[in-house]
Amino acid sequence: MIPASFEYKKATSVQEAISMLGSEDKILAGGHSLIPAMKLRLNMPTGLVDISKIESLKEIRDNEKSISIGAGVSHATIANNPEISKHMPMISEAASMIGDIQVRNVGTIGGSIAHADPSADWPGVLLASDATVVIANAEGSREVDIDQFFTGFFETALQDNEIITHVRIPKTAANANSCYVKFVQPASRFAIVGCAAAVEKVNGSVKSIRVAFNGVGDNAYRATGIENALKDQKLSAENIGSAASHATDGIDVMDDHFASENYRSHLASVFAKRALSRL
Amino acid sequence: MSYIGKSVKRIEDKRLVTGKGKYTDDIKIPGLTHAYILRSPYASANILGIDTSAAKSAEGVISVFVGTDIEGIRGVPTGWQVNFKNGDTMKEPAHPLLVTDAVRHVGDAVALVIAETKEQARDAADLIDVDYEVLEAAVDPAEAIKDGAPLVHEDAPNNICFDWELGNPVSEVDAALAKAHHITSLDFINQRLVPNAIEPRSAIGHYEEHNDHYTLYTSTQNPHLTRLLLCAFVLGIPEHKVRVVSFDVGGGFGSKIFHYTEEALVIWASRKINRPIKWTAERSESFLTDAHGRDHVTSAKMGFDKAGKMVALKVDTIANLGAYLSTFAPAVPTWLHGTLLQGLYTTPKIHIDLKAVFTHTNAVDAYRGAGRPEATYLLERLVDLAALEMNMDPAELRRINFIPAFNGVTEPGYQTQVALQYDSGNYHGVLDRALEKVGYKDFRKAQQESLAKGKLLGIGFSTYIEACGIAPSAVVGALGARAGLFESAQVRVQPTGKVSVYTGSHSHGQGHETTFVQVVADKLGIPMEDVDLVHGDSDAVAFGMGTYGSRSLAVGGSAIVKSVEKILEKGAKIAAHKLEASVDDLDYANGKWTVKGTDKSIAFGDVSLTAYVPHDYPQGLEPGLDFASFYDPTNFTYPFGAHIAIVEIDKETGKVTLQRFVAVDDVGNVINPMIVEGQIHGGVAQGIGQAMLEGAVYDESGQLINGSYMDYAMPRADDFPSFEVERTVTPCPHNPLGVKGAGEAGTIGSTPAVVNAVIDALWKAGFKVKDIKMPLTPERVWTAMNN
């Protein structure tokens, strides 16, 4: 598997990386999606800007009301962070389920969301967590609400010459009561269906709720039908079951070699139920 | 020194696990060039023109060859001939090294690019402009034989390579079925598998002008046969001018038995450009061009009398051979499949009718088990299904139909209705032991209790037999083999008593460097450190038929034993001379000859030194201590076993979890129990992979839609429980070690056990489905419950 030739550029800072980025270049972080695509010549960038050695992208910072995870932090590091596990268990859970050990040790959260594979775990989980994506560009930096970040099939709000620096996840009561469940595609171990849910309950009733899916549609999405059905309710097997039937409302459900549209829709409801039953 | 029967750690592992292995792609030769093969993106297309001019002038490119450059060279041949039922010769279209007028599967070789680096060769291939006229493809073998289907080869009407039958006259089988109390019938597919050896295929062709010799380094299971085919059938090069070398090979599973076009191409082109050429497959090429396995469409009927005794078996199979005939392809669905349909049972009437079919897909050939897994799947699915339909216990149904135990020495072998004569067996023994181990007595109750709690548990059985150690040359010759199937060995004792063993068997994961050395060291009574195994080099080893069909120890090991016996016989003459005794008065033990009843002795190393420094030496005896042997077995060997799977099904998702897997196998005597256990584990994993995960999928246009590890699900350790493995021992009566072969047993036995367990779970929960297509994906199982 031989990629087309490309220029390799190693950046030591985010600003340097931005200045290095040519119009046909790609950013190399963990490389776990990019390199295979290049080996298959599905992707033939003229240059790779390697940001994997930029230390500032590898920090996990506790901001009192939120946790910032650097774009270059590996899935394994996230999975093993005790603060993340305490304040936002679905983040740890998702990180520990990505790919295999090799992928978790090298793949990064920033790389994953920039690639925006609809079956990847991070997009759904970050949607459920109400995260903010912080992006650097030549002018400085900007913030994008996660709800506005994923714009389509492998498409994001990221512009040319921009680099994700970190994602910021609030330490909300909902995130403290969250989980991620996943039905894996047996070859790649991407999600056929991934469901992340975060629920804040006050006096037993749902005060706030975010439920999101990846693997189901051509983009990760929030299942507002489920959220609306359960808002202000006391969770029960019955109302979870009936809410879960809204898992794919308004969604163009994917149909592929591993799961038909019908089966995938069914699984989305099953996994919504399984996630919510834990919370 | 006693080594036979001991779990000696594998000698080769230190080299292999520390990255010191020497694989074909590791070899560097001064002046080495690199080849890339441009392959067809279409399953069927006419080639209207090829423009290589841009590629030829690209940086670093040495040569670009297309099919018309090598016209006059025959393609790669097949090594087995099967005739039509009416006696006509099978259709044997050419398999060209590079196509000329048309491509016949995705991955068919269109052009060979040779450059200074592999990157340059790869880049230049993108510059070749091929004008294709894309045609409709014949992909599904059952559709391909219908009138009007696209033809893969003009001279094979209805895409039929041959038809074939075996067993009792079909009228007798029909009559027996007509009288049957119950008939279980099943239509099913034994799906196509991709072998997926971890090392991609690789070949280096090196022509040297100074002595007019060629060296082919290649990742083969079969160096001597490759040389024979390459020289005598493809390129017409004198065989003594060619050396074929395969050092370490990273797994084969059958896919590296065959002589491939790339091997001939690099040898041919090396002479053209007068430089060595290396070609190594990309993983995508491995998926597209390593010969695939299985791919049968079958309709089968098994008849029973009122007591559950089998009265007849009737089988119709369509076997997909792909676009071209690979080396052993015609033998696999016929002589390695039809001949196994007796199974372990006394079924008196058996008939198989088979059509072997060309399609616009990659070639299909032997893959771990080769025909025998298909036969076992057919029989064992029918038996478990019959038990469900007749409301009988599947273990009991097997017991009343088993062939009674026979040792093959004082009791004769068992003559089947389908050509073979089993050597020895104790089939009740393996089943009883497996039932005990799995705790069958208590399982049915646990199953009912689980069901009451909404949990779907199932148990599945598979009791199998296989034919290994392929086989007496005269027999396989009568069946259409174009080669003998013996093995050669040479045991060379050096003057200092150190021993080099040369074998025509080939180790690519099996552990021969340990097992074979154990045999020799044990028989000679010397330390294993004093013995080395040499294999995989046609200049070093006299001849060989390679490793496949679980034949190495039974055939290659037997050849080694013959040479060791000759060494000891001659050594005794030298010892007797030195000890001034008669040969009959000597005992040989612990590496020395001793005069019976005395303490007079002479060590092995002193005898070997005498053999090479023959100053004081028996008159008339030749110097030296070095013997070659050829061993041609008198029969196949017949390992057998009982596999039991317990599964749980998630009713909401259809996901099957394998809870337990018990395998009790009988592979005859065992030299190294640890290695045998490893072979069983690996085989079982591969067999379960077929049942639950694997399967090559071609779409209607002939594109392989899951040709990558992102899409083709290979089994991983966490897909399995810890296997529970045991053995019984029924020695092979016809080879000196009493061994039967263990390489394929796990794959052959395991697949139907898993599928049967899922079907059992579903029936017990009220879903009376007869079949779910393999692999048993969650969606297929869920659909079976929700239809």
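Chain letters run A, B, ... following the sequence lines, proteins first, then strands; residues in each count from 1.
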*CZ/B/R122 to OG/A/S5 distance, rounded to the nearest 0.5 angstrom?*
12.0 Å
*Nearest-0.5 Å distance, CZ of residue B/R283 to CE of residue A/M1*: 9.5 Å
*Heavy-atom distance under 4.5 Å to chain B: side chain of A/I192, backbone, both or neither?*
neither
*asked:* Heavy-atom cut-off 4.5 Å, strictly under: side chain, backbone, both or neither for A/F258 against chain B?
replied: both
*Check for a donor-acceptor pair, side chain of B/E652 on one end and backbone N or O of A/V270 on the other, with a separation under 3.5 Å.*
no
*salt bridge (charged side-chain N to carboxylate O under 4.0 Å, His left out) between A/R189 and B/D711: does it pass, once the steps are laid out?*
CA-CA 10 Å; A/R189 303 209 170 174; B/D711 303 302; over 6 Å; no
Got more than 12 heavy atoms from elsewhere within 6.0 Å of [atom1], [X]?
X      : atom1 : result
A/D252 : CG    : no
B/E59  : CD    : no
A/K9   : NZ    : yes
A/L42  : CG    : yes

_Which of B/M714, B/K655, B/R716 touches chain A most, by non-hydrogen pairs under 4.5 Å_ = B/R716
*Select, from B/P715, B/S708, B/P778, B/S284, the one with the greatest count of heavy-atom pairs under 4.5 Å involving chain A.*
B/P778
Heavy atoms, side chains only, cut-off 4.5 Å: are [X] and [Y] in contact?
X      : Y      : answer
A/I2   : B/Y36  : no
A/L267 : B/W782 : no
A/Y263 : B/T783 : no

*Counting only heavy atoms closer than 4.5 Å, note whether B/N706 contacts chain A via side chain, backbone, both or neither.*
side chain
*asked:* Between B/N786 and chain A, with a heavy-atom cut-off of 4.5 Å, which part of the residue counts as in contact: side chain, backbone, both or neither?
replied: neither
_Just so I understand: if I count every heavy-atom pair under 4.5 Å between each of A/H257, A/Q185, A/R41 and chain B, which residue has the most?_
A/R41
_chain B contact residues among residues 272-279 of chain A, heavy-atom distance under 4.5 Å_ = A/K273, A/R274
_Give the interface residues of residues 91-115 of chain A toward chain B, defined by a heavy-atom separation under 4.5 Å._
A/D100
_Checking B/E779 against A/S260: is there a side-chain donor and acceptor pair closer than 3.5 Å?_
yes
